[in-house]
Structure formats: C-alpha cells, structure tokens
Amino acid sequence: LAGPIERKEERGVNAGVGPMGEHGAWRGGVASGDSRLVRVFTFSDISKSYGPRTLFEGVSLTINRADRLGLVGANGAGKSTLFRILLDQEEPDDGQVTRQRGATVGFLPQESAPAGDETVIELATGTEAHGSMDGSLVAKAKRILKGLSFKETDFDRPVRELSCGLVMRSHLARLLVQEPDLLMLD
C-alpha cells in the first residue's frame with residue numbers, strides 16, 4: 001500500500017494485492033467447482049483518507065477461503081487501517097466491504113497481547129479450568145503448541161510468566177485452534 005495499488009483482473013481474482021500460491025508464487029483463480037472459491041470478504045472500490053492524506057483509493061480485492069495473502073507496505077501506509085476495516089472497527093470513506101454471512105475472523109495485533117493467570121493450555125483451548133477441557137481440543141492445542149516450539153513443560157505454566165514472544169505465540173495457538181475463516185496477523 002506504499003504506493004498506488006495496481007488494479008487488474010487476473011482469471012477472476014482481483015490482483016495487485018493478490019493471493020499467494022505454493023512457494024510464494026502469484027497464482028490466478030481457482031477452478032469454479034473448488035470449495036476454496038467461497039468468498040469470505042470482498043472489497044469493492046474502497047478508499048480511505050485522514051484529512052488531506054489519502055492512504056488508499058479504489059482498492060478492490062476478493063479474499064476466498066484458503067487464500068493466503070501478504071499485505072506489505074511501509075509504516076503508515078494503511079495496512080492496519082485495512083485490517084480495522086476488515087474487523088468492522090472502521091468504515092471506508094468510499095466503496096463497499098462484503099463479508100460472508102457467519103464468517104469468522106481471528107486477529108493477532110502487532111501490540112503485545114494480554115497475559116493473565118491462565119495457563120498456556122487454557123489460553124490455547126479458550127477454557128478456564130483443566131478439568132472441563134475437551135480431550136480432542138486439548139490434543140489439538142498441544143499439537144499446535146508443539147509446532148510453535150512450546151515444550152510439554154510449558155503447557156501448565158501461567159502465561160504471565162512467559163516472555164512477550166511466547167505470550168504472542170500462545171495467542172496465535174488459540175487462533176489456530178479456533179480455525180477462523182480468515183486469520184489476520186498484524
């Protein structure tokens with residue numbers, strides 16, 4: 001978003017800011033019978049300014065299920081503003097944002113996340129007490145936590161005892177356990 005966003009149509013996918021395929025290569029659309037083509041969000045010609053400063057204008061983008069997008073730009077270019085628009089925390093000045101009915105969004109902000117008295121496994125599963133946790137949910141959370149470089153001995157540690165980096169990874173684990181339709185990492 002640092003400069004003008006190139007708008008072009010590429011096999012049914014609005015490109016310019018577009019989906020990444022395997023190995024980071026840009027890819028075109030998905031076959032029409034593919035369930036990944038389900039649109040989660042659509043930006044139609046949106047614009048946003050603060051006073052005389054225009055962050056972006058005329059942005060159109062479709063985010064389909066299973067798309068992987070990278071939003072890259074200089075500080076102050078409008079990336080977090082675009083996220084706030086996706087999260088319904090801010091409105092675009094112009095254009096329309098369409099969200100699939102029932103679509104879930106997971107968001108990990110760039111600021112440090114809160115760390116309370118809950119344990120790592122409680123945070124990752126979204127539950128408060130070990131005794132009431134669903135076994136399959138715990139197994140899934142442990143698998144994800146291990147993939148994020150947690151040790152078994154970390155699972156019962158209070159989150160407040162962790163470094164900032166591990167606190168953020170604990171919150172990321174919770175989002176991965178929840179499996180939202182759209183996962184946004186700022």
Side-chain angles (χ1 to χ4, degrees), residues 1-30 32 34-115 123-124 126 144 148 164-165 167-186:
L1 293 177
I5 294 177
E6 179 182 341
R7 291 179 42 197
K8 62 181 178 182
E9 195 69 24
E10 188 174 293
R11 289 178 32 188
V13 175
N14 286 326
V17 178
M20 298 291 283
E22 244 181 276
H23 310 295
W26 289 98
R27 65 172 173 76
V30 183
S32 61
D34 195 322
S35 65
R36 294 176 297 168
L37 192 60
V38 173
R39 290 181 175 157
V40 179
F41 281 95
T42 303
F43 288 155
S44 300
D45 206 28
I46 67 166
S47 301
K48 186 67 180 180
S49 298
Y50 291 104
R53 182 165 182 242
T54 300
L55 291 178
F56 46 83
E57 62 184 350
V59 175
S60 293
L61 172 69
T62 298
I63 302 173
N64 297 312
R65 189 172 311 284
D67 278 350
R68 293 179 181 190
L69 304 172
L71 187 58
V72 179
N75 288 343
K79 300 178 300 294
S80 295
T81 300
L82 202 54
F83 276 14
R84 284 193 301 276
I85 290 171
L86 271 169
L87 292 166
D88 272 340
Q89 295 173 349
E90 199 163 324
E91 293 290 321
D93 296 335
D94 293 307
Q96 183 177 4
V97 178
T98 307
R99 181 181 196 166
Q100 177 193 11
R101 185 183 322 240
T104 57
V105 178
F107 176 63
L108 188 65
Q110 59 182 307
E111 304 87 35
S112 53
L123 178 60
I144 289 169
L148 293 171
C164 290
V167 170
M168 291 300 276
R169 280 194 254 160
S170 299
H171 283 280
L172 176 59
R174 181 176 188 165
L175 293 173
L176 294 172
V177 167
Q178 292 172 347
E179 296 183 23
D181 296 310
L182 178 64
L183 177 60
M184 300 188 326
L185 310 174
D186 194 4

Undergrad: Listing request: all salt bridge (Lys or Arg N to Asp or Glu O under 4.0 Å) pairs with a residue in residues 177-186, at least two apart in sequence or in separate chains.
TA: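 Non-adjacent pairs meeting salt bridge (Lys or Arg N to Asp or Glu O under 4.0 Å): Arg65-Asp181, Lys140-Glu179.
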Undergrad: With sequence neighbours left out, write down each residue that passes side chain to side chain contact (heavy atoms under 4.5 Å, CB included) with Leu175, or none if nothing qualifies.
TA: Leu108, Gln178, Leu183
Undergrad: side-chain contact (heavy atoms from CB on, under 4.5 Å) for Val105 and Val40? Distances and angles first, verdict last.
TA: CA-CA 10 Å; Val105 178; Val40 179; over 6 Å; no
Undergrad: Show the nearest heavy-atom pair for residues Glu91 and Ile85, with the distance to one decimal.
TA: C-CG1, 4.3 Å
Undergrad: Output the distance between atom CD1 (Ile63) and atom OG1 (Thr98), rounded to the nearest 0.5 Å.
TA: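 Reported to 0.5 Å precision, the distance equals 11.5 Å.
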Undergrad: With side chains defined as the heavy atoms from C-beta onward, is the minimum distance between Asp67 and Thr62 less than 4.5 Å?
TA: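 Counting from C-beta outward, Asp67 and Thr62 never come under 4.5 Å.
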Undergrad: For Ser49, what residues pass the side chain to side chain donor-acceptor pair (under 3.5 Å) criterion, not counting sequence neighbours?
TA: Thr54
Undergrad: For Leu86 and Leu82, what are the C-alpha separation, side-chain angles and deciding distance, and is it a side-chain contact (heavy atoms from CB on, under 4.5 Å)?
TA: CA-CA 6 Å; Leu86 271 169; Leu82 202 54; 5.5 Å; no
Undergrad: Pair Met184, Leu87 - check side-chain contact (heavy atoms from CB on, under 4.5 Å), show working.
TA: CA-CA 10 Å; Met184 300 188 326; Leu87 292 166; 3.5 Å; yes
Undergrad: Locate the shortest heavy-atom distance separating Gly106 from Pro180; write the atom from each residue and the value.
TA: N-CB, 3.4 Å
Undergrad: For the CZ atom of Phe56 and the CG atom of Asp93, what is their distance to the nearest 0.5 Å?
TA: 8.5 Å
Undergrad: Okay, side chain of Lys79, backbone of Leu71: is any donor-acceptor separation there less than 3.5 Å?
TA: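 No, the answer is negative, given that no donor and acceptor are paired below the 3.5 Å cut-off.
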Undergrad: Determine the minimum heavy-atom distance between Pro92 and Val97, stating which atoms define it.
TA: CG-CG2, 4.2 Å
Undergrad: What closest approach, in Å, do Ala124 and Ala173 show between heavy atoms, and which atom pair accounts for it?
TA: CB-CB, 4.2 Å
Undergrad: Can you see which heavy atom on Gly58 is nearest to which on Asp45, and at what distance?
TA: CA-OD1, 3.0 Å
Undergrad: Going from CZ on Arg174 to CD1 on Ile144, what distance comes out if it is rounded to the nearest 0.5 angstrom?
TA: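 It is 13.0 Å, given to the nearest 0.5 Å.
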Undergrad: How close do Phe41 and Leu182 get, heavy atom to heavy atom, and via which atoms?
TA: CE1-CD2, 3.3 Å
Undergrad: Provide the full list of salt bridge (Lys or Arg N to Asp or Glu O under 4.0 Å) pairs with a residue in residues 94-103, sequence neighbours left out, each pair given once.
TA: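 Passing the test, one end in residues 94-103: Asp88-Arg99.
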Undergrad: Can you list everything that forms a salt bridge (Lys or Arg N to Asp or Glu O under 4.0 Å) with Glu90? Sequence neighbours excluded, please.
TA: Lys48, Arg84
